[in-house]
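A quick write-up on the structure given underneath.
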Amino acid sequence: MMSELDMWNILADFMSGNAVWFLAYVVATWLGFRMTGNIYMNGGAPIIGKILVSLYCLSVSAFMCTLMVNTNGLFRDVAAGLDTVGETGELSGAAQAFIEQASNAPSMNPIQMVFVASIILMQQLQVWMKKADRAEDQLEPFSG
């Protein structure tokens, strides 16, 4: 039978690895913004380049969603484990609060959804929107 401490250790172990994966996805997202920014600023990128960059960015966002879904699932599992431990022994206040907060955690909460959706939207707009011409670029040079 697992103890409350065992459940906290499982959570801590997972969250350490989770932090590394999240950092990797942040770097991959940053790289996606670099690529989409270059497409937007330079204009005239070939369609295959736009498609490949779009696929890269969307796959990074999908990986990030998977990480968030797995994290929220772990929260629910640890809350259920703590609840089971509490049936045979006394739980700390922190464990009780965690059970109340995490036992019904959605697969992705609205803030996580908005975060990932905003990344997708910003990146895809840079790939597929044409850069607006600046007014000063349209002026004819002074011919003195």
Side-chain angles (χ1 to χ4, degrees), residues 1-140:
M1 177 90 174
M2 296 188 96
S3 69
E4 178 181 340
L5 183 59
D6 292 329
M7 296 306 299
W8 287 124
N9 284 332
I10 288 171
L11 181 62
D13 288 344
F14 179 84
M15 293 308 290
S16 295
N18 187 52
V20 173
W21 279 109
F22 187 74
L23 179 59
Y25 295 145
V26 167
V27 171
T29 300
W30 169 79
L31 180 59
F33 274 112
R34 293 279 313 227
M35 290 186 284
T36 62
N38 283 334
I39 287 173
Y40 180 76
M41 293 305 291
N42 296 329
I47 192 74
I48 189 70
K50 289 181 174 186
I51 290 170
L52 291 173
V53 168
S54 291
L55 290 173
Y56 171 83
C57 292
L58 291 170
S59 65
V60 170
S61 292
F63 293 144
M64 191 175 288
C65 285
T66 300
L67 181 70
M68 291 174 181
V69 167
N70 290 342
T71 301
N72 292 347
L74 178 76
F75 289 164
R76 287 189 306 273
D77 292 345
V78 169
L82 287 169
D83 195 38
T84 301
V85 168
E87 292 173 0
T88 60
E90 189 70 27
L91 288 177
S92 67
Q96 293 169 358
F98 186 83
I99 292 168
E100 288 176 29
Q101 180 183 2
S103 62
N104 294 318
S107 293
M108 283 185 75
N109 68 47
I111 294 170
Q112 291 169 323
M113 288 184 222
V114 168
F115 176 72
V116 174
S118 66
I119 290 170
I120 292 170
L121 186 61
M122 288 185 290
Q123 289 178 331
Q124 296 307 305
L125 286 175
Q126 286 191 115
V127 171
W128 296 104
M129 284 187 67
K130 182 174 169 56
K131 183 178 176 186
D133 292 327
R134 295 183 359 200
E136 57 266 13
D137 292 341
Q138 296 176 3
L139 298 176
E140 300 214 10

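We're numbering straight along the sequence, starting at 1.
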Heavy-atom pair with the smallest gap, counting every atom of S61 and I120 = OG-CG1, 3.3 Å

Flag the pair M15 / F75 as yes when at least one side-chain heavy-atom distance between them is below 4.5 Å, and no otherwise.
-> yes

Of all pairs that satisfy side-chain hydrogen bond (donor to acceptor under 3.5 Å, both in side chains), the ones with a partner from residues 4-16, not counting sequence neighbours = S3-D6, E4-W8, E4-S92

Write down the atom of K50, the atom of A45, and the distance for their closest heavy-atom approach.
-> CE-O, 3.9 Å

Under 6.0 Å from the CG atom of L55, do we count more than 12 heavy atoms belonging to anything else shown?
-> yes

Would you tabulate the side-chain donor-acceptor contacts of residues 24-36 under 3.5 Å, counting partners in other chains and residues two or more places apart, or write 'none'?
| unit_1 | atom_1 | unit_2 | atom_2 | d |
| --- | --- | --- | --- | --- |
| T29 | OG1 | Y25 | O | 2.7 |
| T36 | OG1 | G32 | O | 3.2 |
| T36 | OG1 | F33 | O | 3.2 |
| T36 | OG1 | Q126 | NE2 | 2.7 |

Got V60 and I119 here, is their nearest side-chain heavy-atom distance under 4.5 Å?
-> no

So, for L91 and L82, which heavy atoms are closest and what is the spacing to 0.1 Å?
-> CD1-O, 3.3 Å

Between N18 (side chain) and F14 (backbone), is there a donor-acceptor pair under 3.5 Å?
-> no

Give, for atom CG of N72 and atom CG of N104, the distance between the pair rounded to the nearest 0.5 Å.
-> 12.0 Å

Looking at CD1 of I39 and NZ of K131, how far apart are the two atoms once the value is rounded to the nearest 0.5 Å?
-> 13.5 Å

Are the side chains of Q124 and L58 in touch, meaning some heavy atoms are under 4.5 Å apart?
-> yes

Between atom CE of M2 and atom OG1 of T88, what is the distance when rounded to the nearest 0.5 Å?
-> 12.5 Å

Mark yes when over 12 heavy atoms from residues, nucleotides or ligands other than Q96 sit less than 6.0 Å from its CD; otherwise mark no.
-> yes

About how many Å separate OG1 of T84 and CD of E87, when rounded to the nearest 0.5 Å?
-> 5.0 Å

With a cut-off of 6.0 Å (strictly less than), are more than 12 heavy atoms of other residues, nucleotides or ligands near CZ of F63?
-> no

N109 and I111: which non-hydrogen atoms are nearest, and at how many Å?
-> OD1-N, 3.0 Å

Looking only at heavy atoms, what is the nearest atom pair of Q123 and C57, with distance?
-> OE1-CB, 3.1 Å

Would you mind reporting whether M64 and W21 have side-chain heavy atoms less than 4.5 Å apart?
-> no

Roughly how far apart are I51 CD1 and W128 CH2, rounded to 0.5 Å?
-> 5.0 Å

Heavy-atom closest pair, residues Q112 and M68 = CB-SD, 3.6 Å

Is it the case that more than 12 heavy atoms not belonging to N42 sit under 6.0 Å from its CG atom?
-> yes

